[in-house]
Amino acid sequence: MREAARAEDLLEWYDRHARDLPWRIGPRARAAGVRPDPYRVWLSEIMLQQTTVPAVKPYFEAFTARWPTVSDLAAAEDADVMAAWAGLGYYARARNLLKCARVVASEHGGVFPDSQEALLQLPGVGPYTAGAVAAIAYDLPATVVDGNVERVMARLHDEHTPLPDAKPVLTGYAAALTPDERPGCYAQAVMDLGATICTPRNPACGLCPWRPSCAAWDAGTAAELPKKVPKKRKPVRLGIAYLARRVDGAWLLERRPDKGLLGGMLGWPGSEWNEAPEEAPPIRAEWKTLPEEARHTFTHFHLRLTVKTALVPMERVPSRGEFVELPAFSPSDLPTVMRKAFDLARGS
DNA sequence: GAACCGTGGGT
DNA sequence: TACCCAAGGTT
């Protein structure tokens, strides 16, 4: 008979194997009763949504250095925050990040709410993030279910129902395991287990503290769980981007509308992205088409972007966008697809 | 519930 | 090359 998994066994493992991450506090401080700064916990959790730890680290360091508190962030210019987020993806997170910071600053006195229910009301904060902040920052026994936890629970219980249908059942399993002692450490421990031991492929079951309790280990099915419904394949869309450089070196850029793809980000004026894009030059010029197109894959389609360039005189007025001189504009302010087009135009 | 929303790394 | 995957949320 298999013994039920115990939270304390995982906590013991965590105390020996916890990773040192920029948004975590050390074990000595934790033992002394210090809690991590809710602002840093929240910021890290937003950045970590669907994003890997290595990708997040430099952005987290940059944000916390530039905006040390939520009130600092609330006072930031929109364009500065969007530029700082450029390259990290899912730009609605950055827009909601600012909204949330301003709500916390103006309606909560600069202090994050200390309940999962209140956290859930904040922009960009869903069930996972509300639980994570409640648990990690406030040590509340919230049930935290991310992709790691889903995978760990599916394997512990040898659950073969495909996601997302299995989500409620897996959440129930996770809730039953959540302890009243050290729930913040426990939440991070399950996610660390999923990230380092109970991995999607080639799980290191030999190192797993919960192997004696794992139904999938017994059944030999761990590596094939969790089941997921197959994804649709991505269609190819075409587009045209216009990179106009004024003789003084300024580039013609356009702020994208707040909603939709790359919402709120800076980009090159261009056509719609579809099966047969139409010419849409933002300024009268002799446009040259680059020999190579910029290729980029988004969440739900592949893009092949034709890049056109032109050199325009000082007095020429664009029909769309604004010229931005070089010190005010850095290519690192652009989302990746736009930076790819820029790199092609510069020949780098 | 399903679609939408980025990016980089691994296999 | 193509697909999978990552500490999801919003509409």
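Below, chains carry the letters A, B, ... as their sequence lines are ordered, and counting in each starts from 1. These values consider heavy atoms only, across backbone and side chains, with no hydrogens, waters or symmetry-generated copies.
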Mutual orientation of the aromatic rings belonging to A:Phe298 and A:His296 [parallel < 30°, tilted 30-60°, perpendicular > 60°]: perpendicular

Geometric class of the A:Trp42/A:Phe112 ring pair [parallel <30°, tilted 30-60°, perpendicular >60°]: tilted

Salt bridge (charged side-chain N to carboxylate O under 4.0 Å, His left out) partners of A:Lys228, counting only residues at least two apart: none

A:Trp210: partners by ring-ring contact (aromatic ring centres under 6.0 Å, His included), with sequence neighbours left out: none

Using distance only, find each side-chain donor-acceptor pair of residues 182-189 of chain A under 3.5 Å and give its atom names and separation, not counting sequence neighbours.
| residue | atom | partner | partner atom | Å |
| --- | --- | --- | --- | --- |
| A:Arg182 | NH1 | A:Asp15 | OD2 | 3.0 |
| A:Arg182 | NH2 | A:Asp15 | OD1 | 2.7 |
| A:Gln188 | OE1 | A:Arg24 | NE | 3.0 |
| A:Gln188 | NE2 | A:Gly184 | O | 3.1 |

Selection: residues 38-49 of chain A, any non-hydrogen atom under 4.0 Å of DNA chain C: A:Glu45, A:Leu48, A:Gln49

Residue-level proximity of residues 147-156 of chain A to DNA chain C when a heavy atom falls under 4.0 Å: A:Gly147, A:Asn148, A:Arg151

What distance, rounded to whole Å, do you find between the two [atom1] atoms, one in [N] and one in [M]?
| N | M | atom1 | value |
| --- | --- | --- | --- |
| C:dC4 | B:dA3 | P | 16 Å |
| C:dA6 | B:dG1 | C1' | 23 Å |
| C:dA7 | B:dA2 | C1' | 23 Å |

Ring-ring centroid check A:Trp23 A:Phe60, cutoff 6.0 Å: yes

Interface limits on DNA chain C, where chain A has a heavy atom under 4.0 Å of a nucleotide atom: C:dC5 to C:dT10

Sugar-phosphate only, base, or nothing, as touched by A:Pro54 at under 4.0 Å among non-hydrogen atoms: nothing

Residues in side-chain hydrogen bond (donor to acceptor under 3.5 Å, both in side chains) contact with A:Thr221, at least two apart in sequence or another chain: A:Asp158

Partners passing side-chain hydrogen bond (donor to acceptor under 3.5 Å, both in side chains) against A:Gln50 (at least two apart in sequence or in another chain): none

Strand contacts (DNA chain B) in residues 186-209 of chain A, 4.0 angstrom heavy-atom criterion: none

Which atom pairs, donor and acceptor, lie under 3.5 Å between side-chain atoms of residues 321-331 of chain A and protein residues at least two apart or in another chain?
| residue | atom | partner | partner atom | Å |
| --- | --- | --- | --- | --- |
| A:Ser330 | OG | A:Ser332 | N | 3.2 |
| A:Ser330 | OG | A:Ser332 | OG | 2.7 |

Residues A:Leu238, A:Asn274; criterion side chain to side chain contact (heavy atoms under 4.5 Å, CB included); working and verdict: CA-CA 5 Å; A:Leu238 308 179; A:Asn274 51 36; 5.8 Å; no

Qualifying side chain to side chain donor-acceptor pair (under 3.5 Å) pairs, either residue in residues 86-98 of chain A, two or more places apart: A:Thr51-A:Arg93

At a cut-off of 3.5 Å, list every protein nitrogen or oxygen paired with a nitrogen or oxygen from nucleotides 2-4 of chain B, distance to 0.1 Å.
| residue | atom | partner | partner atom | Å |
| --- | --- | --- | --- | --- |
| B:dA3 | OP1 | A:Lys232 | NZ | 3.2 |

B:dG6 base / A:Thr51 side chain donor-acceptor hit below 3.5 Å: yes

Nucleotide B:dG8, atom C1' - distance to NE2 of A:His296 in whole Å: 10 Å

Salt bridge A:Lys308-A:Glu279, side-chain N to carboxylate O under 4.0 Å: yes

Upstream residue (5' side of DNA chain C) when A:Arg93 and A:Lys259 are each assigned their closest nucleotide: A:Arg93

Non-hydrogen side-chain atoms of A:Leu10 and A:Leu193 separated by less than 4.5 Å: yes

